[in-house]
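Chain A is the first sequence line, chain B the second, and so forth, proteins listed ahead of strands; every chain is numbered from 1.
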There are 2 protein chains.
Amino acid sequence: MARAIPTNPRKSASQKRSLATVEALLDATARVLTREGYDRASTNRIAATAGVSVGSLYQYFPNKEALVAALVERHNREMLELLRDALKEVASLDLAAAMRGLVRATVDAHLVDSALHRIFAEQVPRMGQLAKIEDLQRETFLLVRAYAEERRSEISVRDLDSATFICVTTVEALTHEFIINKPDALDGDRDRFIDEVTRLLVGYLQPGRA
Amino acid sequence: MARAIPTNPRKSASQKRSLATVEALLDATARVLTREGYDRASTNRIAATAGVSVGSLYQYFPNKEALVAALVERHNREMLELLRDALKEVASLDLAAAMRGLVRATVDAHLVDSALHRIFAEQVPRMGQLAKIEDLQRETFLLVRAYAEERRSEISVRDLDSATFICVTTVEALTHEFIINKPDALDGDRDRFIDEVTRLLVGYLQPGRA
DNA sequence: GGAATTTGCGAGCTATGACTCACATTGTCT
DNA sequence: AGACAATGTGAGTCATAGCTCGCAAATTCC
């Protein structure tokens, strides 16, 4: 199917109309992905949905991969923004309350466009440019790692890197499952979920303060 | 690319040669998947690698999806076997030691064929028959849920379903990241990883016993 | 107003890969 | 040995989807 070995961007040129075209393409990509799934999401279908021709699509994105990658980037940016805000709001609280706030923010982030998020997780191959799907985790790690440094005195785990890795991976995975595959046990009970995860974290970071 | 709307199996007929053919096809599928990735893994390539003709492939598997699904099933079976064994061996230990044993078993399970496991996680779309990739989680939940029931008195979390969900999801995600994306923090330090995860679990299930 | 440039169009070219089918080989049973 | 079934073969068919290219419309500039 693919003939050329893809390369870098193409026209980043963007005046008035073209910006709208790019937006329309990204929005259409999101819609087609969630409605049809990754492999049914052909560039022709996406262009049609955007009300744009295939030719225009390839004027702004060198190939399908780059198009989807751009959407991934936009989505990750939105999610990270929520986390950054939460980190600020939580700065003055005690550790348990802070953790609670961060877990809540993670849940909110996963609700931004959970259908799209699910497609990224379940169907989009993490290869080439699309490997950046996992950048979300890496960037989250960095943000939280810096935060943990500031809170060093309240955390009784020896190695901050390990502790951050464990917390970030855990909260991400639990939240993902909670939002995407709503477990019967906690169905819809968002606050109970947040409580439980917070207990898990605090019990790990501050053992003995049960 | 696909023309027909796939259906059920085909020939399950299996005498002497044919069993070997099926085995060869599954092995070849695993090798091609790990070496080339999911979308480079064409049925022609797989058949060639197996030393078999495409025609034979389609005698035993109605389509590519079914072939990969069969491989997924085999892999999940192997991993679950390790967990089942560990659950038996751990029956008489105290909860903390038991948790440690289960975490270790999870790590071992992820080492069975981690390259293949990575492909399943990162590249194989969870659709149709391939949705069974996630059966591993579901079956693990059931096994652990039953085990938790027996240990009810040692667990101070109110809702066993939630607790099981949290523990299983957490251990799976952490182990997966540890094996697949070896974090710098814990690089290669398997025992330290197991210690840390065990602390996380015990702190949650038995708060106050730090 | 006209020329140059940017943006948009979409039929069609091409590669690829899933799958078929008419035939060949091997194995089994009496 | 002969016959019938089981198993294996691989060139070829067909549908699809990524991508191009020659042209048209809209914008901008002088």
Using atom [atom1] of [X] as one end and atom [atom2] of [N] as the other, report the distance to the nearest whole Å.
{"X": "A:E23", "N": "C:dT7", "atom1": "CD", "atom2": "P", "answer": "15 Å"}
{"X": "B:F61", "N": "D:dG8", "atom1": "CZ", "atom2": "P", "answer": "12 Å"}
{"X": "A:R17", "N": "C:dG8", "atom1": "CZ", "atom2": "C1'", "answer": "7 Å"}
{"X": "B:N63", "N": "D:dA15", "atom1": "CG", "atom2": "P", "answer": "18 Å"}
{"X": "B:I46", "N": "C:dT16", "atom1": "CD1", "atom2": "C1'", "answer": "15 Å"}
{"X": "B:L19", "N": "D:dA6", "atom1": "CG", "atom2": "P", "answer": "15 Å"}
{"X": "B:Q59", "N": "C:dC21", "atom1": "CD", "atom2": "P", "answer": "13 Å"}

TODO: Check each of B:R151, B:R145, B:R152 against B:E149 using the side-chain hydrogen bond (donor to acceptor under 3.5 Å, both in side chains) test, and report the only one that passes.
DONE: B:R145
Open item on the list: If you only use heavy atoms from C-beta on, which nucleotide in D:dG8, C:dG8, D:dA11 is closest to the side chain of B:V54?
Closed with: D:dA11
Task: Closest nucleotide among D:dT7, C:dG8, D:dG18 to the A:K64 side chain - done: D:dG18
Open item on the list: If I take atom NE2 from residue B:H110 and atom CD from residue B:E172, how far apart are they, to the nearest 0.5 angstrom?
Closed with: 3.5 Å
Open item on the list: Rounded to the nearest 0.5 Å, what separates atom CG in B:L82 from atom CG in B:L87?
Closed with: 11.0 Å
Open item on the list: Tell me every residue that passes ring-ring contact (aromatic ring centres under 6.0 Å, His included) with B:F178, counting only those two or more places apart in sequence or in another chain.
Closed with: B:F193
Short side-chain N/O contact to [N] OP1/OP2 from [X], under 4.0 Å:
{"X": "B:S18", "N": "D:dT7", "result": "yes"}
{"X": "B:S53", "N": "D:dT9", "result": "yes"}
{"X": "B:K16", "N": "D:dA6", "result": "no"}
{"X": "A:Y58", "N": "C:dG10", "result": "no"}

Task: Ionic contact status for A:R104 with A:D191, cut-off 4.0 Å - done: yes
Open item on the list: Assess whether a salt bridge exists between A:R190 and A:D195, defined as any Lys/Arg side-chain N lying under 4.0 Å from an Asp/Glu carboxylate O.
Closed with: no
Task: Whether A:E122 side chain and B:M127 backbone form a donor-acceptor pair below 3.5 Å - done: no
Task: Selection: residues 33-44 of chain A, any non-hydrogen atom under 4.0 Å of DNA chain D - done: A:S42, A:T43, A:N44
